[in-house]
Undergrad: 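Got a structure for you, written out below as structure tokens; questions coming shortly.
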Amino acid sequence: MVALPSLRGLQAFEAAARSGSFAAAAEELSVSAAAVSQLIRTVEEQMGRKLFLRVNRRAVLTDAGREMLPRLTTAFEEIGSVSRELGGAELRSRLVVSVPPSMAMGWLSTRLAKFVAGHGAVDIALRGEDDPVSFDHDLIDIRLSYGRSHYRDEVTEEIVRDAVYPVCAPGIASEPGIAREIGSSESTLAGLPLIHTDWGPTGASFPSWRSWFEAAGMAPSRAGQRGLSANSSRAALDLAISGLGVALAQGVYCAEAIEDGRLVRPVTRALMLSQPYCLTIPQRSIRREVVAAFKTWLTEECLRSVGSPALIGEQS
């Protein structure tokens with residue numbers, strides 16, 4: 001039988017690698033930082049492999065360490081779950097959720113309480129970040145992305161295809177000569193200030209006002225190329241709510257604001273996005289109950305927003 005390395009040493013390594021700090025690992029394990037260092041050194045000697053490199057007084061994971069970390073984290077979570085269940089303690093899972101920045105700012109953060117209320121005790125780490133993300137380095141359990149092409153080596157599933165809708169504050173839409181045309185003609189937008197969204201050189205292509213006017217069979221004017229611009233969907237939506245112009249907003253983000261009257265749709269035409277929103281789950285997290293529950297819940301929330309009655313109308 002192959003001799004196993006010290007379980008306490010493996011625990012010290014996992015805690016230090018996950019937290020990124022020997023001091024944090026020491027606090028978690030109720031030992032000194034020197035003890036954590038010694039435990040990890042013992043494991044390294046037993047395995048014959050370096051798990052950390054000391055670089056400029058910092059401990060940096062080696063390739064072997066990075067390979068071990070997600071497996072050990074899963075193993076210790078399972079051991080902890082069994083221990084709590086047998087001991088009758090409340091099971092409290094940890095879930096690392098990664099989404100685009102615009103979804104983390106407002107949309108998802110205001111809805112997480114509903115998931116916790118329905119699922120029970122869970123520690124959630126919400127990360128707002130652009131693609132690509134590092135599942136193993138950041139211990140991400142589930143990632144929502146725009147498009148399917150980011151993570152071909154992981155299990156990825158399309159959950160919803162959204163559209164963009166011209167939206168503005170009621171005060172903009174009620175200006176003289178505009179209110180009577182609401183919802184009736186694309187030319188309604190001709191005299192309104194427009195808000196542009198640009199996801200930047202590394203992001204996917206966001207539908208422009210030029211593409212929206214072309215889909216409506218209209219030639220975009222020079223005025224349609226001017227106005228405010230934002231590099232995130234959430235920022236563009238906030239500018240529209242503030243009454244600074246008309247933005248092209250994804251249904252998943254703007255449906256609630258239309259329902260509660262903060263925004264209106266000056267015209268009914270919408271433009272379908274070229275790619276779907278997808279969920280990616282790494283292999284180490286696929287069988288976790290809390291991940292499966294969150295996947296179902298998040299999918300339903302996205303579908304509910306995109307399918308809002310406030311968004312029913314003509315789409316191109």
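Both backbone and side-chain heavy atoms feed into the values below; hydrogens, waters and symmetry mates do not.
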Undergrad: Asp141 and Val291: which non-hydrogen atoms are nearest, and at how many Å?
TA: CB-CG2, 3.9 Å
Undergrad: List the steps, then state whether salt bridge (Lys or Arg N to Asp or Glu O under 4.0 Å) holds for Glu28 with Arg18.
TA: CA-CA 11 Å; Glu28 180 179 325; Arg18 169 170 44 78; 2.7 Å; yes
Undergrad: Does the distance from a Lys or Arg side-chain N to an Asp or Glu carboxylate O, for Arg66 and Asp136, drop under 4.0 Å?
TA: no
Undergrad: Measure centre to centre between the rings of Tyr253 and Tyr165, then say whether the value is under 6.0 Å.
TA: no
Undergrad: Does this structure show an ion pair linking Glu301 with Arg304, if we count only N-O contacts that are shorter than 4.0 Å?
TA: yes
Undergrad: Less than 3.5 Å apart, any donor N or O on the side chain of Thr197 or Ser233 sitting next to an acceptor on the other?
TA: no
Undergrad: Might you point out which heavy atoms bring Arg284 and Ile140 nearest each other, and give the distance in Å?
TA: NH2-O, 2.9 Å
Undergrad: Using a strict cut-off of less than 4.0 Å between a Lys/Arg side-chain nitrogen and an Asp/Glu carboxylate oxygen, indicate whether Glu300 and Lys114 qualify as a salt bridge.
TA: no
Undergrad: Between Glu154 and Arg143, does at least one N-O distance fall below 4.0 Å, as a salt bridge requires?
TA: no
Undergrad: Tell me whether Lys50 is salt-bridged to Glu45, with the criterion being a basic N under 4.0 Å from an acidic carboxylate O.
TA: no
Undergrad: Got more than 12 heavy atoms from elsewhere within 6.0 Å of CZ, Arg71?
TA: no
Undergrad: If you look at every heavy atom in Leu273 and Arg161, which pair is closest and at what distance?
TA: O-NH1, 3.3 Å
